[in-house]
Amino acid sequence: MGRYMCSRSVQIVSRHLKLSQLRVFHITTKDAVTPAAALGVRSISSFLFDKAFVDGQWVTAKSGSVYQITNPSTGKTIGSVPDMNADDTLQAIEKANAAFLRWRETTAKDRGLILRKWFDLTNQNKLELAKLLTTENGKPLKDALFEINNAGEFIEWYAEEARRVCGDVIQSTTANKRMLVLKQPIGVAGMITPWNFPSAMITRKACAAIAAGCTVVLKPAEDTPFSALAMCHLAKEAGLPDGVLNVVTSSRDNAPSVGNTLCTSPIIKKISFTGSTVVGKILLQQSASTVKKVSLELGGNAPFIVFDSADIDAAVRGTIVSRFRCSGQTCVCANRMLVQEGVYDQYVARLAEVMKQELRVGDGLDDSTTQGPLINIKAVEKVESIVEDAKRLGAGLVCGGKRSNKGDNFFEPTLLSNVTVEMRCAKEEIFGPVAPVIKFKTEEEAVTIANSSSSGLAGYFYSQNLSQIWRVAEKLEIGLCGVNEGFINAPEAPFGGVKESGLGREGSKYGMDDYLEMKYVCIGGL
Ligand code: ADP
């Protein structure tokens with residue numbers, strides 16, 4: 001059963017945890033015994049696992065290889081996990097397939113009850129899970145807590161949705177026939193998740209599959225495997241049977257072979273991926289070999305339009321939430337601010353003021369931090385070069401614009417004015433704390449600029465004109481639209497993009513569709 005992290009790693013993480021923040025936790029399974037837990041106390045170190053999770057067991061890579069995970073705030077090693085490859089993945093697929101034969105026979109009600117228990121355990125351990133998340137991802141603790149809440153909401157949502165899967169009885173045109181549609185679990189699902197939401201992306205995908213009666217082989221992002229493994233621990237504690245959820249960890253070097261194994265395996269019936277457009281296209285191609293169902297949630301380049309009629313304070317507030325949440329590292333982040341000429345100066349001045357007042361760069365575990373580090377130095381270099389490109393082409397630097405003195409991976413919240421559509425910051429997904437502001441004259445021009453991207457995930461606009469609200473909401477080529485609102489994520493709402501931002505929808509009453517096959521049954525001779 002599970003071995004816990006070596007004491008050195010535990011110390012590194014535990015340093016951040018004050019004794020007063022530890023709480024008594026009732027240990028329900030014998031495998032949850034750790035030195036801390038044995039004393040009746042559960043700390044984040046008791047959620048730190050250095051093994052992958054396959055068939056309900058904590059396992060090493062067959063090769064014995066491991067790789068290190070570092071804290072992006074401090075650059076220090078948190079610990080290591082197995083560096084698994086195609087062989088390990090094949091084995092996990094076999095185990096998931098064996099589990100599927102049993103799991104699909106369970107009732108939706110029983111699946112829902114296990115998910116519900118998992119949700120309760122997630123809630124009970126929010127703070128510890130959030131601290132672990134901050135330690136490996138860097139996001140401020142309150143953002144991490146928000147994510148854990150959100151991760152829990154997806155578990156809860158699918159616990160409830162499990163029982164609401166209904167087939168159809170169709171009116172037969174022939175008196176002696178009856179026509180029905182059954183909804184059945186599709187089979188073993190392969191999943192690959194990103195580092196920016198290391199917990200919520202796991203539950204948004206895996207719980208839909210599990211509720212439907214599918215089993216899962218999931219590869220978390222190499223930077224953030226610990227949050228995924230902690231979730232496995234709680235799922236097991238909630239009573240999820242062995243083999244239903246399997247997590248295969250791998251370094252970036254092995255990610256392509258793990259991904260290829262998932263996509264080309266005839267056992268895997270469905271691939272769900274959240275990540276970059278480049279990788280999404282590779283997986284889509286690979287999945288063609290076995291004609292798999294594929295869901296992709298890929299990059300965005302969200303326009304954030306502020307019309308002359310907008311409430312500017314509300315628009316600035318929305319910009320802070322949408323652009324700077326998680327230091328700008330979400331795929332629904334406002335990427336390009338398009339502001340109408342009548343309110344342009346006012347918006348830029350107010351945004352600069354609020355950014356200076358409210359945004360604080362630092363280690364995510366410090367209370368005052370609103371802006372954690374970027375995930376790694378490559379991300380910092382990319383943001384830096386995007387800002388340099390804009391400055392070279394004539395953008396005005398209103399604030400920020402450089403690395404922060406807080407550490408290698410930190411970048412100052414940056415505001416660029418007089419941005420034009422030729423600049424990289426208007427064309428590429430920045431994935432950093434940079435707000436480029438473009439001036440436009442007419443609604444038509446704003447919509448044209450907004451739709452000029454090959455991406456179509458989220459988009460936002462601010463207007464007090466009801467006709468304009470309808471017109472623009474209908475014209476924007478996006479899957480998610482915030483009107484006078486910068487934060488629109490909810491488990492009840494369908495999440496996904498159009499154009500090159502992806503395929504399929506997650507969450508909502510539609511979220512389980514991708515994990516269900518429809519079978520038409522015609523009963524004759526009646
Ligand atoms: P990012 O650049 O933000 O890390 P990626 O799309 O590269 O976004 O990564 C998202 C996820 O895809 C991660 O889990 C990563 O390990 C995985 N990944 C990266 N390259 C491949 C690949 N060629 N095949 C399968 N998975 C991959």
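Both ligands and their constituent atoms are indexed starting at 1 by order of listing.
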Ser295 and its side-chain hydrogen bond (donor to acceptor under 3.5 Å, both in side chains) partner, picked from Glu506, Lys270, Lys205, Arg505: Lys270
Do Glu161 and Lys509 meet the salt-bridge criterion of a basic N to acidic O distance under 4.0 Å? no
Which of the ligand 1 atoms, numbered from 1, are nearer than 4.0 Å to a heavy atom of Leu283: 24 (N), 25 (C)
Interfacing atoms of ligand 1 (cut-off 4.0 Å, heavy-atom, Ile192): 11 (C), 12 (O), 14 (O), 17 (C), 25 (C), 26 (N)
Would you mind listing which atoms of ligand 1 come within a distance below 4.0 Å of any non-hydrogen atom of Ala255? 16 (O), 18 (N), 24 (N), 25 (C), 26 (N), 27 (C)
Rounded to the nearest 0.5 angstrom, the CZ-OG1 distance for Arg360 and Thr369 is 10.0 Å
Out of Ser250, Ser276, Ser257, indicate the one that has the non-hydrogen atom closest to atom 5 (P) of ligand 1. Ser276
What is the nearest protein non-hydrogen atom to atom 22 (C) of ligand 1, stated with its residue, atom name and distance? Pro256 CA, 3.7 Å
Among protein heavy atoms, which sits nearest to atom 27 (C) of ligand 1, and what does the distance come to when rounded to 0.1 Å? Val279 CG1, 3.6 Å
Quick note on ligand 1: atoms under 4.0 Å from a heavy atom of Thr193 include exactly 11 (C), 13 (C), 14 (O)
Using 30° and 60° as the class limits, which term best fits the ring planes of Phe53 and Trp58: parallel, tilted or perpendicular? tilted
Pair Ser404, Lys406: side-chain N/O donor-acceptor within cut-off below 3.5 Å: no
For Ala221, counting its heavy atoms only, list the atoms of ligand 1 lying under 4.0 Å from any of them. 13 (C), 14 (O)
For Lys95 and Asn246, what are the C-alpha separation, side-chain angles and deciding distance, and is it a side chain to side chain donor-acceptor pair (under 3.5 Å)? CA-CA 8 Å; Lys95 297 292 184 189; Asn246 305 276; over 6 Å; no
Is any N or O atom of Thr274, backbone or side chain, closer than 3.5 Å to an N or O atom of ligand 1? no
Under 4.0 Å, heavy-atom basis, I'd like to know which part of Phe273 is in contact with ligand 1: side chain, backbone, both or neither. side chain
For atom 2 (O) of ligand 1, what's the nearest protein heavy-atom neighbour? Residue, atom name and distance, please. Arg252 NH2, 4.0 Å
Pick one: which of Thr330, Leu374, Val383, Asn196 meets side-chain contact (heavy atoms from CB on, under 4.5 Å) with Phe431? Asn196
Which of parallel (below 30°), tilted (30 to 60°) and perpendicular (above 60°) describes Tyr460 and Phe304? tilted
Which residue supplies the protein heavy atom nearest to atom 3 (O) of ligand 1, what is that atom called, and how far is it? Trp195 NE1, 3.1 Å
Quick test: of every protein heavy atom, which one is nearest to atom 16 (O) of ligand 1, and how far off is it to 0.1 Å? Glu222 OE1, 2.4 Å
Gly259 heavy atoms, cut-off 4.0 Å: which ligand 1 atoms fall inside? 25 (C)
Aromatic ring pairing His233/Phe49, orientation class (parallel under 30°, perpendicular over 60°, tilted between): tilted
